[in-house]
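Indexing begins at 1, ligand by ligand and atom by atom, following the structure's order. These numbers come from the heavy atoms of this one structure, side chains and all, not from hydrogens, waters or symmetry mates.
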Amino acid sequence: METLYEEVAALMVKFKKVVVLSGAGISAESGIPTFRSKGGLWEKYDPAIYASFEVFRTDPSKYWKIRGEFIKNYDKYQPNQAHSALVDLEGMGIVRYVITQNIDGLHKKAGSKNVVEIHGSLREIYCLQCSKEYLAPEVPDGMPPRCNCGGVLKPNTVLFGEQLPQEALATALHESATCKIMLLIGTSAVVYPAAALPSHAKQNGARIIEVNIEKAFPEADYFIEEKAGAALPRIVAEIKLICK
Ligand code: NAD
């Protein structure tokens with residue numbers, strides 16, 4: 001009898017056109033807390049308040065006080081085995097696109113090429129006044145940090161209350177509607193509109209494979225209850241066995 005990993009690998013080899021939807025869980029093993037991690041940042045600070053555009057507009061230092069440290073240490077965080085496995089799967093022609101809700105930039109850092117960061121990236125910082133761009137570790141000191149022109153700096157991420165970039169959303173919708181398999185990795189699938197993408201894919205005939213330490217998407221066809229950093233390399237290994 002086939003194991004779950006063998007079954008999932010065979011399915012991916014057969015259909016290809018796999019689109020990934022990743023969330024904070026894929027970066028947990030890179031040392032970045034998820035929204036729900038015990039003792040994590042977001043246990044102390046409600047993201048709906050601290051990561052809201054309204055609060056940023058009225059008091060940007062509130063946001064910078066909790067996000068500034070990550071941004072200053074941006075280069076310290078490295079992709080893990082799950083990110084690397086997705087680079088391998090893209091190279092094999094199995095993964096077509098990675099749609100990520102993460103703002104840590106780790107998919108691109110790992111080397112994935114077709115990535116759509118629907119919530120933007122903390123790597124890119126820009127001035128709200130003159131639009132000058134900065135890269136994460138080089139943000140000037142100050143609370144909040146300011147551009148030479150005096151304008152307040154803001155990361156290029158989508159805060160609660162802001163619209164998603166339309167082009168990124170269009171790509172995500174198109175990829176979800178046309179994939180054969182959607183691979184959900186480390187997402188609680190509750191933040192919209194990203195949370196609607198798995199159902200959108202399923203309605204258009206895709207099979208859904210979920211990798212998570214606890215089930216978040218009940219309609220998934222396959223559920224791998226495992227950390228992403230362990231599960232993804234194992235899927236790659238099974239695929240290599242089939243394709244050798
Ligand atoms: P979430 O925090 O709501 O859920 C994380 C999910 O990952 C949970 O279902 C959890 O069971 C699972 N998980 C935890 N560790 C895992 C592991 N090692 N392997 C596999 N699964 C694991 O995350 P979400 O669904 O992405 O929530 C959406 C919001 O969180 C997004 O808007 C995103 O921008 C933001 N966020 C991003 C980061 C990041 O960029 N790394 C970190 C925290 C929050």
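Residue-level proximity to ligand 1 for I32 is carried by the side chain, the only part with a heavy atom below 4.0 angstrom. Counting heavy atoms closer than 4.0 Å to ligand 1, residue A194 contributes nothing at all. Only the side chain of H119 comes within contact range of ligand 1, with a heavy atom under 4.0 Å; no backbone atom does.
Criterion: ILVMFWY side-chain heavy atoms under 4.5 Å apart, direct or through other members. Under it, V8 and I26 are part of a common hydrophobic cluster.
Heavy-atom distances between A195 and ligand 1 stay at or above 4.0 Å for every pair.
The closest non-hydrogen atom to atom 8 (C) of ligand 1, taken over N212, N80, V190, comes from N212. When the heavy-atom distances from atom 19 (N) of ligand 1 to A189, S30, A228 are ranked, the shortest goes to A228. Nearest to atom 41 (N) of ligand 1 by heavy atom, out of V211, D104, I213, is D104. In this comparison of A230, G186, A216, A28, the heavy atom closest to atom 21 (N) of ligand 1 sits on G186.
Salt-bridge annotation for E175 and R96: present, with a side-chain N of the basic residue lying under 4.0 Å from a carboxylate O of the acidic one. Checked for salt-bridge contact, E117 and R123 miss the test: no charged N lies under 4.0 Å from a carboxylate O.
Listed here is the closest heavy atom pair of A195 and A189: CB-O, 3.4 Å.
Taking only nitrogen or oxygen atoms, main chain and side chain alike, T187 reaches within less than 3.5 Å of ligand 1.
Cluster partners of L21 are V19, Y97, I99, V116, I118, V158, L164, L169, L173, M182, L184, L197, I208, F217, counting Ile, Leu, Val, Met, Phe, Trp and Tyr whose side-chain heavy atoms approach within less than 4.5 Å, directly or via other members.
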